[in-house]
Number of protein chains: 2
Amino acid sequence: MDATGVLLETVAYRDLKVVDIAREAGTSPATFYQYFPDVEAAMLAMAADLGEAWHDDLSKLITNRDWEGDPDGSAHRVADGMLEFWTRHKSVLRVLDMASMEGDLRFRGIRTNLLAGATEALMGLAARRDTPGDPRASAGVVVGMLAHVANHQHGLERWGVSHDLLVETVAGIIRRTILGVA
Amino acid sequence: MDATGVLLETVAYRDLKVVDIAREAGTSPATFYQYFPDVEAAMLAMAADLGEAWHDDLSKLITNRDWEGDPDGSAHRVADGMLEFWTRHKSVLRVLDMASMEGDLRFRGIRTNLLAGATEALMGLAARRDTPGDPRASAGVVVGMLAHVANHQHGLERWGVSHDLLVETVAGIIRRTILGVA
DNA sequence: CGCGTATCTGATACCCCGTCAGGTACCGGC
DNA sequence: GCCGGTACCTGACGGGGTATCAGATACGCG
């Protein structure tokens, strides 16, 4: 799995071969097949691990905030934290995202669970503050936006939107959509 | 390219083989290679076609609106139109998205160009109305959000967010982020 | 030392990739 | 009707990745 992660940093998922993973891990392809039936299974395991490890942290990122006293700073902290998390694990999250889009139910389950912590925290926040609009839909869309922006961060920067400006903009949307504060 | 499109509806990009495309097109693999050096090149061509065909339509979707008289309805119309467009071409757009995430500059160029019409239209709208926040960043993030929501529409529906509610929520974010109307 | 268990790997059948030389169809000039 | 040109298609093949299995190797334990 480590070797898979390393290769995924530089190689497109489509071109990720068992032979290369085995070579990177200093072993033979046959050994790989003792642990996983195919590359997809290895990715599934990596995604599951990531979900396990971060489910709680992501929800804490939202709940451990003083939303009443400092809504603006809190929104910033959340935006920044999510972007940072996504950047750190982008290669795995990319595959997770793509497989979910393609309708793979196992990956989608992991993705839903990984984001559930964050989404439910935002949902509760929106409900408690009586923000107009459906809390579930708002939270889901906001989390999705965060994921997408994180994935295309590099593209947006090339297009002339700096990291700070991005955080600023995303924080604004969180504030207005979840907290209902202009 | 038609055969590729058909297969992409049911098969993951990772598992899209030249043999299958050739079979679907009722020809031999060697024929495929007369037109494209590999599967990626075929996808590139399909994405480019899509960009060509929709660049203008997507910007018209935004500019052909009575934003002053009916901001709410206009935002709805835009949200719905983008989601519909994405749904119609989801298989190609999925690949476009993924390749862009993975840093492929050719795909990213096409994606930027495809979205440029819509993004610039929103940018102009935000600038004209003196909406707080950077117009470029706001427009970029909003368009990204639309793309992401469209890609994960099915997942959100499974999670309990109906299509109508999604359009409603997204329209709200457009209204507040671009128009500055609560 | 000897046995059981766990782990690894060389060898292999199969499939897909990408290329080339050589076919086939069509067309315009004679 | 023949003929040469052009465009397009394909069978055949070397190269390489996939997935499997039988057999080798390492290790723990009485």
Side-chain angles (χ1 to χ4, degrees), chain A residues 1-50 52 91-92 94-110, chain B residues 1-50 52 91-92 94-110:
Chain A
M1 282 167 65
D2 286 350
T4 306
V6 169
L7 283 179
L8 214 55
E9 300 282 330
T10 54
V11 174
Y13 180 47
R14 190 165 202 285
D15 302 322
L16 193 58
K17 312 287 182 196
V18 177
V19 211
D20 299 324
I21 297 173
R23 209 196 322 271
E24 173 72 29
T27 177
S28 78
T31 304
F32 177 93
Y33 287 104
Q34 280 207 325
Y35 296 91
F36 307 106
D38 51 29
V39 178
E40 194 190 348
M43 290 307 312
L44 210 50
M46 293 176 74
D49 276 10
L50 201 62
E52 199 95 3
S91 43
V92 177
R94 218 151 53 196
V95 175
L96 184 57
D97 247 39
M98 202 209 43
S100 301
M101 284 191 235
E102 276 173 343
D104 187 302
L105 294 180
R106 298 160 304 170
F107 279 103
R108 190 141 77 200
I110 292 172
Chain B
M1 283 167 65
D2 286 350
T4 306
V6 169
L7 282 180
L8 213 56
E9 301 281 331
T10 55
V11 174
Y13 180 46
R14 187 164 204 283
D15 301 322
L16 194 58
K17 313 285 184 199
V18 179
V19 212
D20 299 324
I21 297 172
R23 208 195 324 269
E24 174 72 29
T27 177
S28 80
T31 304
F32 178 93
Y33 289 103
Q34 280 206 328
Y35 297 92
F36 307 105
D38 51 29
V39 177
E40 195 189 347
M43 289 307 311
L44 210 49
M46 292 176 74
D49 276 11
L50 201 62
E52 198 95 3
S91 44
V92 177
R94 217 149 54 194
V95 176
L96 183 58
D97 247 39
M98 203 210 43
S100 300
M101 284 191 234
E102 276 172 344
D104 187 303
L105 294 180
R106 297 161 304 170
F107 279 103
R108 189 140 77 198
I110 292 173

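In what follows, chains carry the letters A, B, and so on, assigned in the order in which the sequence lines appear, proteins first and then strands, with residues in each chain numbered from 1.
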Which nucleotide of DNA chain D is the first, and which the last, in the 5' to 3' direction, to come under 4.0 Å of a heavy atom belonging to chain A?
->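 So the outermost contacting nucleotides come out as D:dG17 to D:dC21.
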
- Query: Which parts of residues 1-12 of chain B get close to DNA chain D, meaning a heavy atom less than 4.0 angstrom away?
  - Reply: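 By residue number: none to list.
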
- Message: Using C1' atoms of five pairs at each end, report the bend of the helix from C:dC1-D:dG30 to C:dC30-D:dG1 rounded to 10 degrees.
- Response: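 Helix axis angle between the two ends: 10°.
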
Atom pair [atom1]/[atom2] of [X] and [Y] - distance to nearest 0.5 Å:
X        : Y       : atom1 : atom2 : result
A:Asp2   : A:Leu7  : CG    : CG    : 11.0 Å
B:Met101 : A:Asp97 : CE    : CG    : 5.0 Å
A:Ile110 : A:Met46 : CD1   : CE    : 11.5 Å

Q. Got a sec? Which of residues 38-49 of chain A come in under 4.0 Å of DNA chain C, heavy atoms?
A.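 Going residue by residue through residues 38-49 of chain A, none turns out to have a heavy atom under 4.0 Å of DNA chain C.
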
Exercise. Give, ordered by number, those residues of residues 17-34 of chain A having at least one heavy-atom distance below 4.0 Å to an atom of DNA chain C; if nothing qualifies, reply none.
Key: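 A:Thr27, A:Ser28, A:Ala30, A:Thr31, A:Gln34, in order of number.
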
Who pairs with [X] by side-chain hydrogen bond (donor to acceptor under 3.5 Å, both in side chains), at least two apart in sequence or on another chain?
X        : result
A:Asp38  : none
A:Arg108 : B:His154
A:Glu102 : none
A:Glu9   : A:Ser91

- Item | Beyond-backbone contact of B:Tyr35 with B:Met1, side-chain heavy atoms, under 4.5 angstrom |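 No. Closest side-chain heavy atoms not under 4.5 Å.
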
Non-hydrogen side-chain atoms of A:Leu16 and B:Arg14 separated by less than 4.5 Å
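The answer is yes; the side chains approach within 4.5 Å.
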
Those residues at least two apart in sequence (or on a different chain) that pass salt bridge (Lys or Arg N to Asp or Glu O under 4.0 Å) with B:Asp20 are B:Arg23

| request: Applying salt bridge (Lys or Arg N to Asp or Glu O under 4.0 Å), name anything that partners B:Asp49, two or more places apart in sequence or on another chain. | output: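 Listed in chain order: nothing, the list is empty.
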
State whether the number of non-hydrogen atoms from other residues, nucleotides or ligands found under 6.0 Å of A:Glu24 atom CD is greater than 12.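 For A:Glu24, atom CD is crowded (more than 12 foreign heavy atoms under 6.0 Å).
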
All heavy atoms of B:Ala3 vs all of B:Ile21, minimum pair found to be CB-O, 3.7 Å

Identify every side-chain donor-acceptor pair in residues 26-33 of chain A under 3.5 Å, counting partners at least two apart or on other chains, and give the distances.
| unit_1 | atom_1 | unit_2 | atom_2 | d |
| --- | --- | --- | --- | --- |
| A:Thr27 | OG1 | A:Thr31 | OG1 | 3.0 |
| A:Ser28 | OG | A:Thr31 | OG1 | 3.4 |

Next item on the list: Using the six-membered ring of B:Tyr13, assess whether NZ or CZ of B:Arg94 lies under 6.0 Å from its centre and within 45 degrees of the ring axis.
Entry: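 That pair does not qualify as a cation-pi contact.
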
